[in-house]
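In what follows, a single structure is set out as structure tokens and then discussed.
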Amino acid sequence: MATVSVCQYHSGGFSFENCKRNALLEADINKLGFSSPAARKTGTTICGVVYKDGVVLGADTRATEGMVVADKNCSKIHYISPNIYCCGAGTAADTEMTTQIISSNLELHSLSTGRLPRVTTANRMLKQMLFRYQGYIGAALVLGGVDCNGPHLYSIYPHGSTDKLPYVTMGSGSLAAMAVFEDRYRPNMEEEEAKRLVRDAIAAGIFNDLGSGSNIDLCVITKGKVDYLRPHDMANKKGVRTGSYRYKHGTTGVLTKAVTPLNLEVVEESVQTMDTS
Amino acid sequence: SLQFGTPRSVFITSLIPVGTSIMAVEFEGGVVIGADSRTTTGAYIANRVTDKLTPIHERIFCCRSGSAADTQAIADAVTYQLGFHSIELDEAPLVQTAASLFREMCYRYREELMAGIIVAGWDPRRGGQVYTVPVGGMMTRQPVSVGGSGSSYIYGYVDSNYRAGMSKEECLKFTAEALTLAMERDGSSGGVVRLAVVSEQGVERQVILGNQLPKFSTV
């Protein structure tokens, strides 16, 4: 089975050398009362739907580290090729790297064949890689795109099984999203209806699943065009405070005042903005 | 490792897609194969319209049960190997060859895999044949074979209702009724019944939807 590919480490699977050391460290840390850092997971709602002219992919934007939100606006819809995008649920690093590896290999493959890549090719590559790692790569994906054979949508599980369906949902919020799909999905929908359906499905996940939240990202893929709508819907905008706890100048009476000038020379001045979104 | 007849609790508490009822019957001139359409991850139905009847070659199919990832990977590998072999031979491959390829893989990697497969098809040399390759990697030819978690409930029905020399229509009815009964009793099986007839003429596929399934007396 010849594939033109790079970034494929064929020598064995994972290296389990550090497991014993990690277990000892974990025990020591627990004795001191601390807990070791957990892998960041995207407790997630992702979904996809096939409509008349193509596919619509949707995702929420919350990344959690245990019970804390690590990223309020992360991007879960990953680029695979100009006509194929992939939503990822599960371990954030795994989905990011897996999609990047397959995207890279698919670009080489596309240059070799001289053709636009097909969704089924991306599906094959992803499932064969995930099966090789026997589920240790925690990536649950929704793969969608449009190629010479029309629009296609696949769901891919961490152990390497795939399903080709007209509508799919994955992640911790998948049951809430699937409820919306099972109620309102129809074959051959128009674009606006399909976008509304995906938006509502992700919203169901956001508001009913604790692992999903923040905004709704959409990706509409048709023959020759991709609309990457990030954000499509800011469903959880931070509220504006109605009051303020600041006290007016003069609220506290000043009894004494002593000023000590510090004569400092400015050596270097630099500005670093903090992301307060 | 898993033995033949794994307790059902393994399938239900599993978070990997599993669960099934599959069946294949030989008749004069071909085979009838059937399967349910449910894939479960624990108590959630991940896919309610699964197609577990996978073409391996033009007139050879396999019915997949067990772990979806394992059976899909095995079927893809065997499809490749059989296609290559068929091109080398420059003729249609034997059903027994396909079954042997499945057995090789299922036996060699028996500790790592959870796959119960029924290989069925038609070839010019021996006509319609059904070979079963259950968990563990045994391979044997049977005139009728059932598999998957739902098969436990229909051994009695199959043993008492099977007759040698049934016609194609009788086999289709027999398979549909057996699978309906299995789906009725097994939580991990359900959805629609997918049937296929593989013969010298080719492949005819059909789907029996939930409301069209044969009705049995409900106590």
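Below, read A as the first sequence line, B as the second, and so on, with proteins coming before strands; counting in each chain starts at 1. Heavy atoms only: backbone and side chains are in, while hydrogens, waters and symmetry mates are out.
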Inset, instruction - Taking atom CZ of Phe207(A) as the centre, report whether more than 12 heavy atoms of other residues, nucleotides or ligands fall under 6.0 Å from it. - result: yes
Legend entry - Whether over 12 other heavy atoms sit under 6.0 Å from Arg118(A) CZ: no
Legend entry - Neighbour count above 12 (heavy atom, 6.0 Å) for Asn211(B) CG: yes
Inset, instruction - Work out which heavy atom in Tyr44(B) is nearest to a heavy atom in Ser174(A); give both atom names and the distance. - result: OH-O, 4.3 Å
Legend entry - Top of Val49(B), Thr50(B), Asp70(B) for chain A proximity - count of heavy-atom pairs under 4.5 angstrom: Asp70(B)
Inset, instruction - Can you establish whether the number of heavy atoms outside Gln81(B) located under 6.0 Å from its atom CD is more than 12? - result: yes
Inset, instruction - Answer yes or no: does atom CZ of Arg205(B) have more than 12 heavy-atom neighbours from other residues, nucleotides or ligands under 6.0 Å? - result: yes
Legend entry - Engaged part of Thr162(A) at the chain B interface, taking heavy atoms whose separation is under 4.5 Å: both
Legend entry - Neighbour count >12 (heavy atoms, 6.0 Å) for atom CG, Leu210(A): no
Legend entry - Point-to-point distance, once rounded to the nearest 0.5 Å, from CZ of Phe131(A) to OG of Ser67(B): 7.0 Å
Inset, instruction - Can you establish whether the number of heavy atoms outside Glu177(B) located under 6.0 Å from its atom CD is more than 12? - result: yes
Legend entry - Gap separating the CG atom of Leu165(A) from the CG atom of Asn47(B), nearest 0.5 angstrom: 4.5 Å
Inset, instruction - Go through the atoms of Lys164(A) and report whether side chain, backbone, both or neither lie under 4.5 Å from a heavy atom of chain B. - result: neither
Legend entry - Greater than 12 external heavy atoms within 6.0 Å of Gln134(A)'s CD: yes
Legend entry - Residues from residues 72-79 of chain B approaching chain A under 4.5 Å (heavy atoms): Gln72(B), Ala73(B), Asp76(B)
Legend entry - Region of Asp51(B) in contact with chain A, defined by heavy-atom distances below 4.5 Å: neither
Legend entry - chain A contact via Arg48(B) - side chain, backbone, both or neither, heavy atoms under 4.5 Å: side chain
